[in-house]
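Scope of the values below: all heavy atoms of this structure, side chains included, with no hydrogens, waters or symmetry mates.
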Amino acid sequence: MTVPKGKKVDVVTLGCSKNLVDSEFLIRQFKANGIEVAHDAETPDGEVAIINTCGFIADAKEESIDTILEFAEAKKRGDIKQLYVMGCLSERYPGQLKKELPEVDKFYGKFDWKDIVSEIGATYRRDLMNERSLTTPDHYAYLKISEGCNRTCSYCAIPIITGKHVSRPMDDLLEEARRLRDSGVKELQVIAQDLSFYGYDLYKSYKLPNLVDELAKIDGIEWIRLHYAYPAGFPLDVLKVMHDNPKVCNYLDIALQHISDNMLELMRRGVRKNQTYRLIEEMRKQVPDIHLRTTFITGHPGETEKDFAEMEQFVKDIRFERLGVFPYSHEDDTYAHKKYKDDVPDEVKQERADRIMEIQNGIAKEINQAKIGKTLKVIIDREEGDYFIGRTEYDSPEVDQEVLLHKEENRELQKGEFYNVEITDSEDYDLFGIAK
């Protein structure tokens, strides 16, 4: 079958940045076949729509279903001709989705999305299998270094969806990073479900420090940022790489989820409270300027007020620079779903999450105020209204705060360029500054 001339495809990506990378690989294949592609368009108008779904927790599943239903209605109206669904949700519930959403032409899982290319009449190009069409601004990109997860956390459906941890060979990753550099990328967001485990399945030792060190040797890459480390078995050598190489941002995203020994055991986290405190102490000792991002879960089965009080105290003690909280979601087929009763009322889960964020708001405000008067390196992401908007090395796109530079007070700034910026003011989750 030949591709109809002028065919246009809309790709919609839901969920995390790991899904975004999959969509970018797919888009590259379409473009190589002469197909016009729009990603996350405000008003999709393609002949074909492809929705890359998330199936992690209840809210994400609901968003995915709502989006599919929206496009199913568009298909009924004749606005689109074909509708395909891929990603985590359809990997997790293929039979159920086929039964309940007959408007969808075909469902694909997380790993068989390549077949969509031939489904719509194009040819899958194996010579381009490691190339992507970026949907991010030209100056930064995500580098996914592995799939899957070997951990057995009670609450998590990710291993059910993605299977065991599979590292990508280091040579492939370095080749991809160089290709991204050649396309204009200056900042790499290194991502995985579990960065800490990288390399063990291929090399029989943890290779994250080696990989980061090699990435930092690539000319033209100026920032490297690390996302989604795991506390148990964290490769401490990566801290030396971070300390010694200015290209490696003093930033680490490490999900801790709880601090009470009772909850860490129920959650099957493989780490204890005292180990967690010691790990953070070591991080801040080796990299004094490190900014830590973490997440917590409130209301996991068995969580008592005493357990939660320990979490509150932990947040006060550590003063995380970046923090998020999720009320517990009782997910199908997880260990917690099979073994525990969802015994914390939803309103208590949310109330506890709100209490943690109230503490964090005060901490974030104080940390930002301490930056006033300092000069920080900032990359400009975009223009918006009266401002140029950028980020420091301590801030990841989409999830962290930004630096706002008013156009009246700043010379013409260029997107994707770095500037030294004096911080002049702050809010709880934003900074304001003037480029020098």
Side-chain angles (χ1 to χ4, degrees), residues 1-125 128-129 131-137 141-142 144 161-162 398:
M1 186 188 298
T2 57
V3 181
K5 188 175 180 181
K7 177 174 275 192
K8 182 178 178 183
V9 173
D10 281 301
V11 176
V12 177
T13 304
L14 306 172
C16 68
S17 50
K18 297 186 290 296
N19 270 9
L20 186 68
V21 171
D22 292 340
S23 291
E24 290 175 342
F25 281 122
L26 180 62
I27 292 169
R28 178 69 182 96
Q29 291 288 331
F30 287 148
K31 289 186 174 180
N33 279 271
I35 298 172
E36 183 183 353
V37 184
H39 182 258
D40 285 350
E42 288 187 13
T43 53
D45 61 356
E47 196 176 338
V48 178
I50 299 167
I51 303 170
N52 189 357
T53 57
C54 179
F56 181 37
I57 58 175
D59 287 350
K61 289 188 286 188
E62 184 176 341
E63 180 187 20
S64 293
I65 292 294
D66 288 347
T67 304
I68 295 170
L69 291 172
E70 178 185 334
F71 277 83
E73 286 299 316
K75 187 182 176 190
K76 286 180 183 177
R77 293 192 303 268
D79 296 342
I80 60 174
K81 293 181 180 178
Q82 295 167 295
L83 174 59
Y84 300 100
V85 173
M86 60 182 274
C88 292
L89 189 72
S90 49
E91 179 76 28
R92 194 172 176 190
Y93 303 108
Q96 189 175 338
L97 290 172
K98 288 175 187 175
K99 181 179 178 182
E100 296 183 5
L101 295 165
E103 301 91 344
V104 175
D105 289 281
K106 203 164 184 179
F107 290 91
Y108 295 86
K110 183 165 178 60
F111 302 107
D112 59 354
W113 53 263
K114 299 170 187 174
D115 295 335
I116 296 177
V117 179
S118 57
E119 178 70 27
I120 69 166
T123 301
Y124 184 78
R125 294 270 303 274
L128 303 177
M129 63 185 297
E131 293 190 20
R132 293 148 54 192
S133 292
L134 296 184
T135 59
T136 54
Y142 295 97
K144 182 164 61 170
I161 299 169
T162 62
E398 305 294 337

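Taking the side chain as every heavy atom from C-beta outward, His39 and Leu20 approach each other to under 4.5 Å. By the 4.5 Å heavy-atom criterion applied to side chains, Gln29 and Ile116 are not counted as neighbours. Counting only heavy atoms from C-beta outward, the side chains of Leu83 and Ile51 approach each other to under 4.5 Å.
Scanning both residues, Ile68 and Thr53, for their nearest heavy atoms gives CD1-CG2, 4.1 Å. Contact detail for Glu24 and Thr136: the closest heavy-atom pair is OE2-N, 3.9 Å. Between Ala38 and Ala41 the shortest heavy-atom distance is CB-CB, 4.1 Å. Taking each heavy atom of Lys75 and Glu103 in turn, the nearest pair found is NZ-O, 2.8 Å. Counting all heavy atoms, side chain and backbone alike, Asn33 lies closest to Val117 at ND2-CG1, 4.3 Å. The shortest heavy-atom contact between Ile161 and Phe111 is O-CE1, 4.1 Å.
For the residue pair Ser23 / Thr13, a side-chain donor-acceptor distance below 3.5 Å is found, with atom types taken as modelled.
Counting non-hydrogen atoms of other residues, nucleotides and ligands closer than 6.0 Å to CD of Glu398 gives a total of 12 or fewer.
By the salt bridge (Lys or Arg N to Asp or Glu O under 4.0 Å) test, Lys106 is found to be paired with Glu119, residues two or more places apart in sequence or in another chain being considered.
Using cut-offs of 30° and 60° for the angle between ring planes, the Trp113 and Phe25 rings count as parallel.
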